[in-house]
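To start, the structure under review is shown below, and the notes come after it.
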Amino acid sequence: MTADDSFDRLEDDNYPAYTMGRAAEMLGTTQSFLRAIGEARLITPLRSPGGHRRYSRYQLRIAARARELVDHGTPIEAACRIIILEDQLEEAQRINAEYRRTAPPHTADI
């Protein structure tokens, strides 16, 4: 792998580029918060060859949303569930929109 390949991977939202410490620092939270949302199965960080947690930018956006809810008084388990349900709703709406776009027009029974 060349240095250029490494830089290209940093543009990938799913590339686990951030250590737990760096992720917590970027979010202004603690490492225990990141562990807690992992235990609640909101995000599953990848592991380095040495077993250390690594986070992607996509995961950091999800963690930031969880932190926002928790900061406003939502218990962490509830915040994680809200985010999971929001994600499921968004996916269902996307599927429905795609179905409406591709479905043949409905004709009334005669």
Side-chain angles (χ1 to χ4, degrees):
M1 178 181 300
T2 67
D4 287 339
D5 292 337
S6 295
F7 287 121
D8 288 343
R9 294 175 80 187
L10 291 175
E11 296 298 319
D12 180 358
D13 263 1
N14 295 308
Y15 179 66
Y18 304 97
T19 63
M20 178 180 266
R22 180 68 179 128
E25 179 183 313
M26 290 170 67
L27 295 170
T29 191
T30 63
Q31 293 182 18
S32 63
F33 176 81
L34 292 173
R35 278 189 217 88
I37 62 174
E39 289 169 8
R41 299 180 190 257
L42 180 61
I43 58 175
T44 303
L46 294 173
R47 298 285 183 150
S48 70
H52 300 282
R53 291 174 179 90
R54 300 285 182 179
Y55 297 87
S56 68
R57 288 189 304 191
Y58 174 73
Q59 290 172 323
L60 294 183
R61 284 194 299 273
I62 293 170
R65 173 72 175 127
R67 180 169 185 255
E68 177 185 326
L69 289 169
V70 169
D71 285 351
H72 285 96
T74 306
I76 196 162
E77 289 288 331
C80 291
R81 187 68 182 139
I82 287 168
I83 294 166
I84 290 166
L85 290 170
E86 287 174 340
D87 187 55
Q88 290 172 345
L89 176 60
E90 184 180 318
E91 178 66 8
Q93 289 173 330
R94 186 195 63 74
I95 291 168
N96 285 340
E98 179 65 21
Y99 175 75
R100 282 191 298 276
R101 188 181 68 73
T102 61
H106 179 66
T107 56
D109 293 332
I110 300 178

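Atom set for the values below is all heavy atoms of this structure, side chains included, hydrogens, waters and symmetry mates excluded.
- For the atom pair CD (Glu25) and CE (Met20), the distance works out to 14.0 Å, reported to the nearest 0.5 Å.
- Considering all non-hydrogen atoms of both residues, Leu60 and Tyr18 come closest at CD1-CD1, 3.7 Å.
- Scanning both residues, Asn14 and Asp12, for their nearest heavy atoms gives N-OD1, 2.9 Å.
- Within the structure, side chain to side chain donor-acceptor pair (under 3.5 Å) contacts touching residues 91-100 (residues at least two apart or in different chains) are Glu91-Arg94, Glu98-Arg101.
- With rounding to the nearest 0.5 Å, the separation of CD in Gln59 from CG in Asp13 is 10.5 Å.
- Side-chain N or O atoms of Thr74 include one that pairs as donor or acceptor with a backbone N or O of Leu69 at under 3.5 Å.
- Among Arg53, Arg57, Arg54, the single residue meeting the side chain to side chain contact (heavy atoms under 4.5 Å, CB included) criterion with Pro16 is Arg54.
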For residues 26-44, which side-chain donor-acceptor pairs fall under 3.5 Å, sequence neighbours excluded?
unit_1	atom_1	unit_2	atom_2	d
Thr30	OG1	Ser32	OG	3.0
Thr30	OG1	Phe33	N	3.1

